[in-house]
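Below is one structure, written out as structure tokens; the observations come after it.
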Amino acid sequence: MFDYMDCELKLSESVFRQLNTAIAVSQMSSGQCRLAPLIQVIQDCSHLYHYTVKLLFKLHSCLPADTLQGHRDRFHEQFHSLRNFFRRASDMLYFKRLIQIPRLPEGPPNFLRASALAEHIKPVVVIPEETPEDEEPENLIEISTGPPAGEPAVVADLFDQTFGPPNGSLKDDRDLQIENLKREVETLRGELEKIKLEAQRYISQLKGQVNALEAELEEQRKQKQKALVDNEQLRHELAQLRAAQLEGERSQSLREEAERKASATEARYNKLKEKHSELISTHAELLRKNADTAKQLTVTQQSQEEVARVKEQLAFQMEQVKRESELKLEEQSDQLEKFKRELEAKAGELARVQEVLSRTEQSGSELSSRLEALRAEKDALSGAVQQREADLLAAQSLAREREAVLSQEQQRGSRERGELQARLAEKESQEQGLRRKLLDEQFAVLRGAAAEAEAILQDAVSKLDDPLHLRCTSSPDYLVSRAQAALDSVSALEEGHAQYLTSLADASALVAALTRFSHLAADTIINGSATSHLAPTDPADRLMDTCRECGARALELVGQLQDQQALRRAQPGLVRTPLQGILQLGQELKPKSLDVRQEELGAMVDKEMAATSAAIEDAVRRIEDMMNQARHASSGVKLEVNERILNSCTDLMKAIRLLVMTSTSLQKEIVESGRGAATQQEFYAKNSRWTEGLISASKAVGWGATQLVEAADRVVLHTGKYEELIVCSHEIAASTAQLVAASKVKADKHSPHLSRLQECSRTVNERAAGVVASTKSGQEQIEDRDTMDFSGLSLIKLKKQEMETQVRVLELETTLEAERMRLGELRKRHYALAGAGAAPSEEEPGRPSTAPRKKPPLAQKPSVVPRQDHQLDKKDGVYPAQLVNY
């Protein structure tokens, strides 16, 4: 049940951690998708908590309290984690409308007091049921209870008032009130019955508790002889509880302060979210305005082109009319000249005729007829001249009319040309205004995006000094990927900046590049800070300084992008230098692999497996020699204890040897099934990380076997401690588990060798447990234990010895805490040296170098880099080995 509860709590922590990294909230669709599985987790955790409490009270009633100390500690840790989970989930709006989360008490139950079970309240999770809208109330089924509510009742009243009640029955308001009161009385009676049943159930529960208390009272009366010693113990526990209560009050105040900070942070986050949504809406509105402006500009350009075409058509028509009028004037002037020439010719001819007539008047009558003919001809000519003159006058009047029409057309064309020029000037002014408005809107969009980018970067920079961010960690590989992506976005930002300076009417490329750059730069800064939390001190400080420099330059750049004057002086390329520094530091912080050439990995695997087998064989022989020596040198209880310890060690070594042989067979099967047409060396070189894990695991097994033999030798010779054997047993069990995990990575799950390997692993664990058990039992037989007889001591002496024992207990607890801290620091240093991949010249004694060398006489402890540090047994100080470099 504890493991099940741990899995549920880890799932909830993973969900909340993803909400913090992806920057999501419970009202967004992505956040609700992540929070939906937690409803089932809340239901399971409430039942698990209730059954765990009842089971622990049952165990405390059957077993001593000291035996269950580990169970109580683990329950207290789960209680605080579960209480924080329920409190955090109840603060989210998503859960408030879907599930009612119970509240756990301020402190865990006191299992040392049996009466505390009655104070335990079962946490109940309530999921409200949604009633269908089309479901009718129950009172509509009973027709005799009165008319239904709503419009039918009003219609029934109107019908009764008009035609009278049916069958002469008349019900007034009092009867209706009486019926309503009767229904309420029936409802109240049902509720009263429910309350009575609930009260009887509570009474039965209380009676059961009273019986339990009476039984407990009888048990307390039977234990009256031990009351004095228990009283002193209870006083001591009371002092501890008071100290714990004071510590709890202090932690409560700290938690309230953290909650206030969290609420302030959430309010600030909500404000930022509202600001972000406003910026998004403003951005969308500006984009729509930009599209409308572009459409208006297109319409304006089309109208300008249409005006130009109309202007050209009018000019062409005016030129055509002018040419036609000129041609007509030229024709009329030519006709007028022709008429004038004809008239002059006729006048000259008339003069010649008059001269001839004057010369011929003298001839007499012979010429009178001719004269009459000439006169008639003269009259005809004069009539023709008059007609010609009339035609000339008509042509002149037509020419004047044409000139008037032409002048009117010219005046109308000039007026239309002036109107078109005015409209063109107005359109040009509107176009300039729209262009200025477009430029302003584009800069406003850019400034809004820059302001949002500045807020994102400022939030990322603030995380560098945020104490809550110290718990966040990241890997150098992920930091390198983020820094590389940020460097790529800088090039796009430079191109967008250059494009915007070329055309101020289009800021889309710059806005898109700036948005991507701000998110990637902020992500790089946050992951750089998280990576520095696991890095050594000097690289961590340099990484933090580089992140601060990157944030400062990025903020300076987005500040310049918000100013029109400083926009042209902005240099996005300056941000590339700190990003390159972050990239270089991330590459330096990557874990170094074993310093072995890939073509030598296959040979090293065979050598290490052979060396491990040889070390185990040597250990078995040495244990047999020690057993023979112990039979000659000791007797009695010591001989029995030594034989039992050495026999258990021999069984453990045989189990380890069988596991190594099975692992070798499984390894050969993996190589044969996975190498294909490649050679064995090429397969090992291709899967170098897996090969390095096998090498590390085999070294760990050989080293553990050697240490176990040495510890057993010292225990048999009475120069060592029994605890060394226990620690070595745990270490060799962890090493074999590492070898099994290394062999299991690439194995087929249906492989018979894999099943045999798992059986051998379980056998090794059982044999290691047998070594520990035989060691502890032998230690109890060898060590002399004085019987505690306090019958001859007075009250003062008992009090004095009690105080001395308390002083001794405090000294031992202080020493134990100091040794545990020293063990933790040693492990941290070991992990740091193993992860750094130090050169062979810098290795500590007792650790193997990865360069090819001669086989040592005894196996040495390998450099194993664990991924996590899970505690296996706090009391023994043993931790399981973890597999890495796969």
Side-chain angles (χ1 to χ4, degrees), residues 295-434:
K295 291 180 181 179
Q296 293 178 2
L297 182 60
T298 305
V299 172
T300 305
Q301 291 178 355
Q302 292 178 357
S303 61
Q304 288 181 358
E305 294 176 357
E306 185 177 358
V307 168
R309 287 196 300 269
V310 171
K311 184 178 178 182
E312 292 176 357
Q313 291 178 1
L314 290 175
F316 178 73
Q317 290 178 1
M318 288 175 62
E319 292 294 333
Q320 188 176 3
V321 170
K322 188 182 291 184
R323 286 196 297 271
E324 290 178 357
S325 61
E326 289 179 356
L327 290 175
K328 290 181 179 179
L329 287 175
E330 289 178 357
E331 291 177 358
Q332 291 177 0
S333 60
D334 293 338
Q335 289 179 2
L336 185 59
E337 291 294 332
K338 183 178 180 181
F339 290 153
K340 286 181 179 179
R341 287 195 297 271
E342 290 179 356
L343 183 58
E344 289 177 354
K346 292 296 181 179
E349 186 178 358
L350 180 58
R352 287 193 299 272
V353 170
Q354 287 178 355
E355 291 178 358
V356 172
L357 182 59
S358 63
R359 286 193 300 266
T360 59
E361 279 180 353
Q362 298 174 2
S363 58
S365 58
E366 56 187 26
L367 295 176
S368 60
S369 60
R370 189 176 179 181
L371 180 62
E372 290 296 333
L374 289 174
R375 285 179 180 176
E377 187 178 357
K378 179 181 177 182
D379 294 335
L381 289 175
S382 63
V385 169
Q386 290 177 359
Q387 186 178 359
R388 293 292 184 181
E389 288 179 354
D391 294 336
L392 181 59
L393 291 175
Q396 290 178 352
S397 62
L398 181 60
R400 284 195 296 270
E401 289 177 359
R402 289 298 180 91
E403 289 178 356
V405 172
L406 183 59
S407 62
Q408 291 178 0
E409 291 291 337
Q410 289 178 352
Q411 291 176 0
R412 186 174 63 184
S414 61
R415 284 197 304 271
E416 290 179 355
R417 185 169 57 253
E419 292 176 358
L420 291 175
Q421 289 177 354
R423 289 174 61 186
L424 182 60
E426 183 180 359
K427 291 293 183 181
E428 289 178 353
S429 63
Q430 290 180 358
E431 181 182 356
Q432 292 178 358
L434 291 174

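Heads up: numbering here begins at 1 and tracks the sequence. Quantities reported herein were computed from a predicted structural model and do not represent experimental measurements.
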When rounded to the nearest 0.5 Å, the distance separating CG of Leu434 from NZ of Lys427 is 9.5 Å

With rounding to the nearest 0.5 Å, note down the distance linking CD in Gln430 to CZ in Arg423.
10.5 Å

Could you measure the distance from the CZ atom of Arg412 to the OG atom of Ser407? Nearest 0.5 Å is fine.
11.5 Å

Do the side chains of Leu420 and Arg417 get nearer than 4.5 Å, heavy atoms only?
no

Is the shortest distance from a Lys or Arg side-chain nitrogen in Arg400 or Glu403 to a carboxylate oxygen in the other one below 4.0 Å?
no

Distance, nearest 0.5 Å, that separates CD of Gln411 from CD of Glu416
12.5 Å

